[in-house]
Amino acid sequence: MRDLSLAENLAENQICVIIGASHAGVNCAFALRKEGWGGKILLIDSDSELPYHRPPLSKTYLHSSEALGQNLLKSSESYGKENIQLLLGIKALSIDRKTQKVQLDNGTWQAYDKLVLATGARALIPSIKGLSEAKYVYPLRTAADVNGIRDKIYKNQVKK
């Protein structure tokens, strides 16, 4: 066993929480490992799917019956190999900077030493009169959005 410097010992006992598991969050997690971060890495995202490329959602994924797995950013094995813990389907509700904790929607608080906010974008729904009552208007940002759109297209008897 090699001797670790004090800084290395501290880093190995630290927790880096990354909120957002899209392209930036995932790349940040893997870059931390590549650069020698020895501490715990938690990648938190409200999407319950393994992190995936988003551009194909409105292109190949929307128009095909292919599985989302073909568009993953990294394989599930990659996260395990790099000791990156995924907390998927969980929303970060608030950040308490004084106590260095993130409140999660599952009722828990997650402590952190380092925090990365990589939340990306969200679908902007314009405030157009009557839009909220419109029957066939859908945002397209997540795989769940595309699955909902595909379901409506293929289940709708009237094709227009």
Please determine whether side chain to side chain contact (heavy atoms under 4.5 Å, CB included) holds for the pair Leu140 and Ile149, giving the CA-CA distance in whole Å, both sets of side-chain angles, and the decisive distance to 0.1 Å.
CA-CA 8 Å; Leu140 196 158; Ile149 293 168; 4.1 Å; yes
Of the non-hydrogen atoms in [X] and [Y], which two are nearest, and what is the gap between them?
{"X": "Ala21", "Y": "Pro51", "answer": "O-CB, 3.0 Å"}
{"X": "Arg33", "Y": "Gly38", "answer": "NH1-C, 3.8 Å"}
{"X": "Tyr52", "Y": "Ala143", "answer": "OH-N, 2.7 Å"}
{"X": "Pro139", "Y": "Ala123", "answer": "CB-CB, 3.7 Å"}

Any heavy-atom pair between the side chains of [Y] and [X] that's under 4.5 Å?
{"X": "Asn106", "Y": "Leu87", "value": "no"}
{"X": "Cys28", "Y": "Leu32", "value": "yes"}
{"X": "Ile41", "Y": "Gln85", "value": "no"}
{"X": "Ile44", "Y": "Val17", "value": "yes"}
{"X": "Phe30", "Y": "Ile84", "value": "yes"}
{"X": "Glu12", "Y": "Trp37", "value": "no"}
{"X": "Leu43", "Y": "Val26", "value": "yes"}

Answer with yes or no whether the hydrophobic clustering places Val102 together with Trp109; edges join I, L, V, M, F, W, Y residues whose side-chain heavy atoms lie under 4.5 Å apart.
no
Out of curiosity, does Leu117 fall in the hydrophobic cluster containing Ile90 (side-chain heavy atoms, cut-off under 4.5 Å, transitive links)?
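Yes, one cluster joins them.
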Enter the distance from [X]:[atom1] to [Y]:[atom2] here, rounded to the nearest 0.5 Å.
{"X": "Lys114", "Y": "Cys16", "atom1": "NZ", "atom2": "SG", "answer": "8.5 Å"}
{"X": "Ile95", "Y": "Gln103", "atom1": "CD1", "atom2": "CD", "answer": "11.0 Å"}
{"X": "Arg122", "Y": "Thr142", "atom1": "CZ", "atom2": "OG1", "answer": "13.5 Å"}
{"X": "Arg150", "Y": "Asp145", "atom1": "CZ", "atom2": "CG", "answer": "12.5 Å"}
{"X": "Asn71", "Y": "Leu50", "atom1": "CG", "atom2": "CG", "answer": "12.5 Å"}
{"X": "Asp47", "Y": "Ser22", "atom1": "CG", "atom2": "OG", "answer": "7.5 Å"}

Measure from the side-chain N and O atoms of [X] to the backbone N and O of [Y], and report whether any donor-acceptor pair falls under 3.5 Å.
{"X": "Asp45", "Y": "Leu88", "value": "no"}
{"X": "Tyr79", "Y": "Leu86", "value": "no"}
{"X": "Asp113", "Y": "Ile15", "value": "yes"}

Which residues, ordered by chain and number, are linked to Ile128 in its hydrophobic cluster, where ILVMFWY side chains connect at heavy-atom gaps below 4.5 Å, directly or through other members?
Ile125, Leu131, Val137
Does Lys101 count as lying over the ring of Tyr112, i.e. NZ or CZ under 6.0 Å from the six-ring centre, within 45 degrees of the axis?
no
What pairs with Gln100 under side-chain hydrogen bond (donor to acceptor under 3.5 Å, both in side chains), at least two apart in sequence or on another chain?
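Not a single residue meets the side-chain hydrogen bond (donor to acceptor under 3.5 Å, both in side chains) criterion with Gln100.
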Fit a plane to each ring of His53 and His23, take the angle between them on a 0 to 90° scale, and name the class: parallel (under 30°), tilted (30 to 60°) or perpendicular (over 60°).
tilted
Set out, in order, the CA-CA distance, both residues' side-chain angles and the distance that settles side chain to side chain contact (heavy atoms under 4.5 Å, CB included) for Ile18 and Leu42, then state yes or no.
CA-CA 6 Å; Ile18 302 172; Leu42 296 176; over 6 Å; no
